[in-house]
Amino acid sequence: LTPATPSASAVFTTAIPATALAGETITVTGVATDTLGNVGRAAPAVVTVVTDTAPTATLTALNGCDLTGGACELAVVKGGSFTVTVSGADETGVTLLRLRTSGAVVGVQSVTLSPTLTASAIFTVSVPNNVAHTAALTLTAEAVDTRGQSAASSLVVSVLDRTAPI
């Protein structure tokens, strides 16, 4: 530092190598040299590399049918209720799962969790009788992690009219 001062501080930044893996440590040491060439070293600080990825959010079941298998009917019946399972995962922990519905039914439901690496929640949605039988309903799963990062995935289902004619 110019000019020399009896006491000084400075902020430095460094880049973490792209090849650093989660859990690895990096040791950072500060060194100060006075005008007479005397060197003083600060106690080393150990920094642990962590991942900082957003959580995953998945719609895993519709009315108990496993959506990952691909054999589910992507439809709901007007005038009835159905269940949706929302799942989330994150290396630091999932703290919130949310289901948003838009289109034929608009709404938001959520569950707050103690941080957990994987979680799932079942939500129930009611479809009013006055919804058009040609309507579509978008289901959006959302997960939030301990750092406030979020992720979402969506699925569109059809609304069916299974009412017998009069």
Side-chain angles (χ1 to χ4, degrees), residues 1-72 74 76 82-125 136-157:
L1 299 171
T2 304
T5 61
S7 177
S9 65
V11 175
F12 297 90
T13 60
T14 187
I16 305 298
T19 56
L21 300 174
E24 286 187 82
T25 58
I26 297 172
T27 303
V28 180
T29 305
V31 177
T33 306
D34 67 15
T35 56
L36 298 175
N38 297 312
V39 176
R41 296 187 185 280
V46 177
V47 180
T48 303
V49 176
V50 296
T51 57
D52 195 22
T53 57
T56 59
T58 312
L59 292 156
T60 52
L62 179 64
N63 277 331
C65 183
D66 181 3
L67 291 169
T68 62
C72 300
L74 299 180
V76 296
F82 64 95
T83 60
V84 179
T85 303
V86 172
S87 299
D90 186 74
E91 78 280 353
T92 65
V94 175
T95 59
L96 180 89
L97 291 175
R98 181 180 298 127
L99 174 67
R100 290 186 187 275
T101 56
S102 60
V105 177
V106 177
V108 177
Q109 301 176 55
S110 62
V111 61
T112 302
L113 309 160
S114 293
T116 182
L117 298 180
T118 60
S120 62
I122 299 173
F123 298 98
T124 301
V125 179
L137 174 60
T138 301
L139 307 173
T140 302
E142 296 177 355
V144 179
D145 70 10
T146 58
R147 293 186 176 117
Q149 299 178 104
S150 63
S153 65
S154 296
L155 174 69
V156 177
V157 297

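Summarising the geometry of Thr140 relative to Ala152, their closest heavy-atom pair is CG2-CB, 4.0 Å, with the distance given to 0.1 Å. The shortest heavy-atom contact between Ala141 and Ala57 is O-CB, 3.7 Å.
Under the salt bridge (charged side-chain N to carboxylate O under 4.0 Å, His left out) criterion, no residue pair touches residues 26-39, with sequence neighbours excluded. For residues 98-110, every residue pair satisfying the salt bridge (charged side-chain N to carboxylate O under 4.0 Å, His left out) rule, not counting sequence neighbours, is listed here: Arg98-Glu142, Arg100-Glu142. Within the structure, the salt bridge (charged side-chain N to carboxylate O under 4.0 Å, His left out) test picks out no pair touching residues 36-49 (sequence neighbours left out).
Taking Thr58 as the reference, nothing meets the side-chain hydrogen bond (donor to acceptor under 3.5 Å, both in side chains) condition, with sequence neighbours excluded. With sequence neighbours left out, Val106 forms a side chain to side chain contact (heavy atoms under 4.5 Å, CB included) with no residue at all. In this structure Ser87 satisfies the side-chain hydrogen bond (donor to acceptor under 3.5 Å, both in side chains) test together with Thr60, sequence neighbours excluded. By the side-chain hydrogen bond (donor to acceptor under 3.5 Å, both in side chains) test, Thr138 is found to be paired with no residue, residues two or more places apart in sequence or in another chain being considered. Scored by the side-chain hydrogen bond (donor to acceptor under 3.5 Å, both in side chains) test, Glu24 finds no partners at all (sequence neighbours excluded). For the side chain to side chain contact (heavy atoms under 4.5 Å, CB included) test, residues two or more places apart in sequence or in another chain that qualify with Cys65 are Cys72. In this structure Asp66 satisfies the side chain to side chain contact (heavy atoms under 4.5 Å, CB included) test together with Thr68, sequence neighbours excluded. Every residue two or more places apart in sequence or in another chain that forms a side chain to side chain contact (heavy atoms under 4.5 Å, CB included) with Glu91 is listed here: Thr51, Thr53, Arg147.
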Show me the side-chain donor-acceptor pairs of residues 109-118 shorter than 3.5 Å, one per line, residues at least two apart or across chains.
residue : atom : partner : partner atom : Å
Gln109  : NE2  : Thr124  : O            : 3.0
Thr116  : OG1  : Thr118  : O            : 3.2

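Between Leu139 and Leu62, the closest side-chain pair of non-hydrogen atoms falls below 4.5 Å. For the pair Asp90 and Val144, the minimum side-chain heavy-atom distance is 4.5 Å or more. Residues Leu99 and Val125 have side chains in contact (heavy-atom distance under 4.5 Å, counting atoms from C-beta outward). You'll find the side chain of Leu137 reaches within 4.5 Å of the side chain of Thr101, heavy atoms only.
To the nearest 0.5 Å, atoms CG (Asp145) and OG1 (Thr92) are separated by 4.0 Å. Taking CG of Leu97 as the reference point, atom OG of Ser120 lies at 7.5 Å (rounded to 0.5 Å).
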Could you walk me through whether Ile26 and Val49 satisfy the side-chain contact (heavy atoms from CB on, under 4.5 Å) test, starting with their C-alpha distance in whole Å, then the side-chain angles of each, then the deciding distance to 0.1 Å, before giving a yes or no? CA-CA 8 Å; Ile26 297 172; Val49 176; 4.0 Å; yes

